[in-house]
Protein chains: 2
Amino acid sequence: MSDLDVHNLLASHNLRCTRPRVKLATLLFADGRDRHVTAEWAADALAKEGDEVALATVYNTLNSFVEAGLLRQISCQEAGRQVFDTNVEPHHHFYNEQTGELTDVPQNAFRFYKMPAAPDGAEIVDWQVTVTIRPH
Amino acid sequence: MSDLDVHNLLASHNLRCTRPRVKLATLLFADGRDRHVTAEWAADALAKEGDEVALATVYNTLNSFVEAGLLRQISCQEAGRQVFDTNVEPHHHFYNEQTGELTDVPQNAFRFYKMPAAPDGAEIVDWQVTVTIRPH
DNA sequence: TCATAATTTATATTCATTCTAATTAAAATG
DNA sequence: CATTTTAATTAGAATGAATATAAATTATGA
C-alpha cells in the first residue's frame, strides 16, 4: 500500500491525513495481513521506526479507526486490555490459552444446522466463536 | 441451600469456612440460579445485607472459587472488567450490546456439522459462542 | 495566506485489580 | 481445652490500562 493509497483510505473514511493516522494506517494496513494489536504494541512499533506518537493519540486514532470501520474491537480476550483486529469481516478466533495469542478462523470454518432464536424484543446482530486451544 | 450445605460445598472443595466465603457462597449459589457477577456487584450486594466484606477479599474469594471450579471466568465481555459466571457447565452467551448484560444460551442451542480443526501442535479445549443482540 | 475547526500531546485522572504487610481467625496438635 | 501453626482477611498502597483535560499545533477550505 503506497503513501497515496493510505491517503485515499483515510480520506475516503472522512479522516484527516495527519501524521499519526498515516503512520498507524501504514503500520496496520500496508501489507494486507490480518493483525490483532493493542495500543501499546502499536505505539512501540512506531517508536522502533523512529515515528513516536503519544500513547493517548494511539488510543484516539485506533478508536477513530474503529468508528470508521477500518478496525474492529475484539471483545473475546484476556480481561483487561483492548485488542483491535484489522480483519473487519465476520470471522472467529482461536485463543491460545498459554500465550494469549489470537488467530483468525474463517467464517465458513463453522457450519451449523441449529442456532438459538433471539430473545423477545431483540435481534441477533453478530455471532462469534472463540475456540480455546492448548499447545501440547 | 442451607448453612450446612454451604459448609459442605466449601469443605468439599478444600476451602476453609470463613465468614467472607460463606457469605459469598450463599449469595451466589443459595438459590441455584445462574448469575454473571462482577466483584463490585458482589461486594455491594453483601454490604446491602449488612455483611460488609473488603473488596480485596471479594476478589480473592471469587478467584479462589474459580480455582476450585465453583465459578467460571468469562472472557467474552466488555473490555475492562472481570465477570464471573456461576454456571460452570459448557454453554454460550447472548451479549446485549445496549446494556452489556449477559444471558446464558444452553450448549445444545448450537449444532454444528463443521468445525475447524485445531492448528498443528495444539488441541481444542473449549469453544464458546457469543451472540450479540440488539433490542429493537 | 488566513481563519477555524479538528487533532495532537503531556499530564492528570479514573477505574479495576492486585500487592503488601499487619492483624485476625481457622484448623491441627498436644 | 489450650496452644501452635497456618491460612485468610483487611486497609491501604501500588499497578496498569484507558480516558479526560486543556494548551499547542496542524490540516483544510475560503
Side-chain angles (χ1 to χ4, degrees), chain A residues 3-4 6-27 36-47 50-68 70-71 73-84 100, chain B residues 3-4 6-27 36-47 50-68 70-71 73-84 100:
Chain A
D3 284 9
L4 186 60
V6 170
H7 276 255
N8 282 339
L9 182 72
L10 293 174
S12 66
H13 287 80
N14 290 312
L15 295 166
R16 287 191 175 186
C17 289
T18 63
R19 191 183 69 89
R21 288 179 182 171
V22 171
K23 296 298 179 190
L24 273 167
T26 304
L27 176 71
H36 306 98
V37 307
T38 62
E40 290 225 310
W41 178 89
D44 289 350
L46 292 185
D51 297 322
E52 299 225 4
V53 172
L55 187 57
T57 306
V58 174
Y59 276 105
N60 287 341
T61 305
L62 294 179
N63 284 326
S64 330
F65 284 5
V66 169
E67 220 175 317
L70 289 169
L71 284 179
Q73 229 170 310
I74 304 186
S75 54
C76 296
Q77 73 211 32
E78 282 171 297
R81 31 191 4 198
Q82 284 177 228
V83 176
F84 298 88
Chain B
D3 283 9
L4 186 60
V6 170
H7 276 257
N8 283 339
L9 181 73
L10 293 174
S12 66
H13 287 81
N14 291 312
L15 294 167
R16 286 188 174 185
C17 289
T18 63
R19 192 183 69 90
R21 288 178 181 173
V22 171
K23 296 297 181 189
L24 273 167
T26 305
L27 175 71
H36 306 99
V37 308
T38 62
E40 289 225 308
W41 179 90
D44 289 352
L46 292 185
D51 297 322
E52 299 226 4
V53 172
L55 187 56
T57 306
V58 174
Y59 275 104
N60 287 342
T61 306
L62 294 180
N63 285 326
S64 333
F65 283 5
V66 169
E67 220 175 317
L70 289 170
L71 284 179
Q73 229 170 309
I74 304 185
S75 55
C76 296
Q77 71 208 35
E78 283 170 296
R81 28 191 6 195
Q82 285 177 228
V83 177
F84 299 88

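Sequence lines set the chain letters: A, B, ... in the order given, protein chains first and strands last, and positions in each chain run from 1. Every heavy atom of this structure was used, including side-chain atoms; hydrogens, water molecules and symmetry mates were not.
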Distance check, rounded to the nearest 0.5 Å: [X] atom [atom1] versus [Y] atom [atom2]?
{"X": "Leu62(A)", "Y": "Glu67(A)", "atom1": "CG", "atom2": "CD", "value": "12.5 Å"}
{"X": "Lys23(A)", "Y": "Asp51(A)", "atom1": "NZ", "atom2": "CG", "value": "4.0 Å"}
{"X": "Thr38(B)", "Y": "Tyr59(B)", "atom1": "OG1", "atom2": "OH", "value": "7.0 Å"}
{"X": "Gln73(A)", "Y": "Asn63(A)", "atom1": "CD", "atom2": "CG", "value": "6.0 Å"}
{"X": "Arg21(B)", "Y": "Leu10(B)", "atom1": "CZ", "atom2": "CG", "value": "7.5 Å"}

How long is the line joining [atom1] of [X] and [atom2] of [N], in whole Å?
{"X": "Phe65(B)", "N": "dA8(D)", "atom1": "CZ", "atom2": "P", "result": "12 Å"}
{"X": "Asn63(B)", "N": "dT17(C)", "atom1": "CG", "atom2": "P", "result": "9 Å"}
{"X": "His13(B)", "N": "dA8(D)", "atom1": "NE2", "atom2": "P", "result": "16 Å"}
{"X": "Leu10(B)", "N": "dT9(D)", "atom1": "CG", "atom2": "P", "result": "10 Å"}
{"X": "Arg81(A)", "N": "dT19(D)", "atom1": "CZ", "atom2": "C1'", "result": "16 Å"}
{"X": "Glu40(A)", "N": "dT15(D)", "atom1": "CD", "atom2": "C1'", "result": "12 Å"}
{"X": "Ile74(B)", "N": "dA16(C)", "atom1": "CD1", "atom2": "C1'", "result": "17 Å"}

| Are Tyr59(B) and dT18(C) close enough that a side-chain N or O sits under 4.0 Å from OP1 or OP2? | no

| task | Report the C-alpha separation of His36(B) and Phe84(B) in whole Å, then their side-chain angles, then the decisive distance to 0.1 Å, and conclude whether the side chain to side chain contact (heavy atoms under 4.5 Å, CB included) test is met. | result | CA-CA 6 Å; His36(B) 306 99; Phe84(B) 299 88; over 6 Å; no

| query | Applying the side-chain contact (heavy atoms from CB on, under 4.5 Å) test to Trp41(A), which of Val83(A), Val58(A), Leu46(A), Leu27(A) qualifies? | reply | Leu27(A)

| query | Starting at the 5' end of DNA chain C, what dot-bracket string do you get if Watson-Crick and G-U pairs under 3.5 Å are bracketed, crossing pairs use [ ], other-strand pairs use | and unpaired bases use dots? | reply | ||||||||||||||||||||||||||||||

| What do the steps show when you test Leu15(B) against Leu70(B) for side chain to side chain contact (heavy atoms under 4.5 Å, CB included), and what is the final call? | CA-CA 11 Å; Leu15(B) 294 167; Leu70(B) 289 170; 3.9 Å; yes

| field | Nucleotide-resolved protein contact map, nucleotides 2-10 of chain C, B/S/- at heavy-atom distance under 4.0 Å | value | ----SSSBS

| request: Check the pair Arg19(A) / Val53(A) against side chain to side chain contact (heavy atoms under 4.5 Å, CB included), numbers first and verdict last. | output: CA-CA 9 Å; Arg19(A) 191 183 69 89; Val53(A) 172; 4.1 Å; yes

